[in-house]
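See below for the structure under consideration.
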Amino acid sequence: MLSAFAACIRAGGVALFPADTVYGLACDAENAAAVERLYALKGRAPDKPAAVMVFDPAWLPPMGPRTTALARRLLPGPVTLLVPNPAHHFPLACGPDPDTLGIRLPAASPLRGAQVAVLQSSANHAGEPPARTLDEVPGDIRSGVRLVLGAGPLPGTASTVLDLRGFEDGEWSVVRAGAAPEGAIAAAVDAVGP
């Protein structure tokens, strides 16, 4: 599974894959044609940001010390972290705000260890519920990808999105409630300390 996924991504394809929360679509985060294809499959506005998912902690982008400490407590896990992006890494994923990057490192992924960074989004049409099984992924999306990977039913709740752009100064917020409970997030924040 790992080699087929990495080969698909490196060849500019779009893959349908199991994350730790819902089924997702993934492509090379730096390939404009692949990103355009993924957005077209979803019917997603081209200026809407997407997260970059990595499958190995070594692939996480550089972050401030407090943000790094919190990321180590939350990742891998069902969270998307919005972090400062002063070097403008992965601009295709950032939409109109190149200074912000969404990052994911899924827990319990069959793709754990894959040596790729992907632009990813849930495998559903924009505005529709996420898919927890392959059968719930719309047929036109399934037939429009280069690779389909299944892993049975998934939990079905999308990741919790946390805004950590001000976390070096102690500021954070939940942008979208999801699979990670806010209490667990608050406990991780408290553990990092001031």
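Computed from a predicted structure; not experimentally measured. Atom set for the values below is all heavy atoms of this structure, side chains included, hydrogens, waters and symmetry mates excluded.
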Legend entry - Within-4.5 Å side-chain heavy-atom neighbours: C94 and H88: no
Inset, instruction - Check the hydrophobic clustering (I, L, V, M, F, W, Y; side-chain heavy atoms under 4.5 Å; chains of links allowed) and say if V116 and V35 are grouped together. - result: no
Legend entry - Residue pair P129 / E136, side-chain heavy-atom distance below 4.5 Å: no
Legend entry - Heavy-atom closest contact (P96 atom, D47 atom, distance): CD-O, 2.9 Å
Inset, instruction - Name all residues meeting the side chain to side chain contact (heavy atoms under 4.5 Å, CB included) criterion together with A4; count only those two or more places apart in sequence or in a different chain, and write none if there are none. - result: L147
Legend entry - Y39 side chain reached by L119 side chain, heavy atoms, under 4.5 Å: yes
Legend entry - Pairing residues for R112 by the side chain to side chain contact (heavy atoms under 4.5 Å, CB included) criterion, not counting sequence neighbours: P57, P76
Inset, instruction - Give a yes or no on whether R176 atom CZ has more than 12 heavy-atom contacts from other residues, nucleotides or ligands under 6.0 Å away. - result: yes
Inset, instruction - Check A50 against R44 and note the closest heavy-atom contact, atom names and distance. - result: CA-NH2, 3.9 Å
Legend entry - Beyond-backbone contact of P61 with N85, side-chain heavy atoms, under 4.5 angstrom: no
Residues 16-28, side-chain donor-acceptor partners within the protein, below 3.5 Å, at least two apart:
from: D20; atom 1: OD1; to: R104; atom 2: NH2; distance (Å): 2.6
from: D20; atom 1: OD2; to: A107; atom 2: N; distance (Å): 2.9
from: Y23; atom 1: OH; to: A151; atom 2: N; distance (Å): 2.8
from: Y23; atom 1: OH; to: G152; atom 2: N; distance (Å): 3.3
from: Y23; atom 1: OH; to: G152; atom 2: O; distance (Å): 2.8
from: D28; atom 1: OD1; to: E30; atom 2: N; distance (Å): 2.8

Inset, instruction - Ignoring hydrogens and angles, tell me if any N or O in the side chain of D56 forms a donor-acceptor pair with the backbone of Q115 under 3.5 Å. - result: no
Inset, instruction - Verify, without hydrogens or angle tests, whether R37 (side chain) and G144 (backbone) share a donor-acceptor contact under 3.5 angstrom. - result: yes
Inset, instruction - Kindly write out the residues that satisfy side chain to side chain contact (heavy atoms under 4.5 Å, CB included) with P91, not counting sequence neighbours, or none if the list is empty. - result: none
Legend entry - Working for side chain to side chain contact (heavy atoms under 4.5 Å, CB included), residues L81 and L70: CA-CA 10 Å; L81 307 180; L70 182 59; over 6 Å; no
Inset, instruction - Say whether V79 and L105 are linked into one hydrophobic cluster, either directly or through other cluster members, by side-chain heavy-atom distances under 4.5 angstrom. - result: yes
Legend entry - Shortest non-hydrogen contact between G156 and R132, atoms and distance: CA-CB, 3.6 Å
Inset, instruction - Name all pairs fulfilling the salt bridge (charged side-chain N to carboxylate O under 4.0 Å, His left out) condition that reach into residues 149-174, sequence neighbours left out, sorted by first residue then second. - result: D97-R165, D163-R165
Legend entry - Any donor-acceptor N/O pair, R142 side chain to L134 backbone, under 3.5 Å: yes
Inset, instruction - Report yes or no: do L154 and L149 belong to one cluster of Ile/Leu/Val/Met/Phe/Trp/Tyr joined by side chain heavy-atom distances under 4.5 Å? - result: no
Legend entry - By side chain to side chain contact (heavy atoms under 4.5 Å, CB included) - contacts of V174 (at least two apart): T160, L162, W172, E182
Legend entry - No-hydrogen, no-angle side-chain donor-acceptor test under 3.5 Å, S122 and N124: yes
Legend entry - For A123 against P138, the heavy-atom pair lying closest together: O-CD, 3.8 Å
Legend entry - Same apolar cluster (I L V M F W Y, side chains within < 4.5 Å links), M63/L164: yes
Inset, instruction - Answer yes if V118 and I103 sit in the same cluster of Ile, Leu, Val, Met, Phe, Trp and Tyr residues linked by side chain heavy atoms under 4.5 Å apart, and no otherwise. - result: no
Legend entry - Interatomic distance, L74 atom CG to T80 atom OG1 [nearest 0.5 angstrom]: 11.5 Å
Legend entry - Inter-residue atom distance L111.CG - L2.CG, 0.5 Å rounding: 6.0 Å
Legend entry - Greater than 12 external heavy atoms within 6.0 Å of E36's CD: no
Inset, instruction - Would you give the length of the straight line joining atom NZ of K42 to atom CD1 of I141, rounded to the nearest 0.5 angstrom? - result: 6.5 Å
Legend entry - Test applied, side chain to side chain contact (heavy atoms under 4.5 Å, CB included); reference residue, F167; option that passes from V192, T68, V83: V192
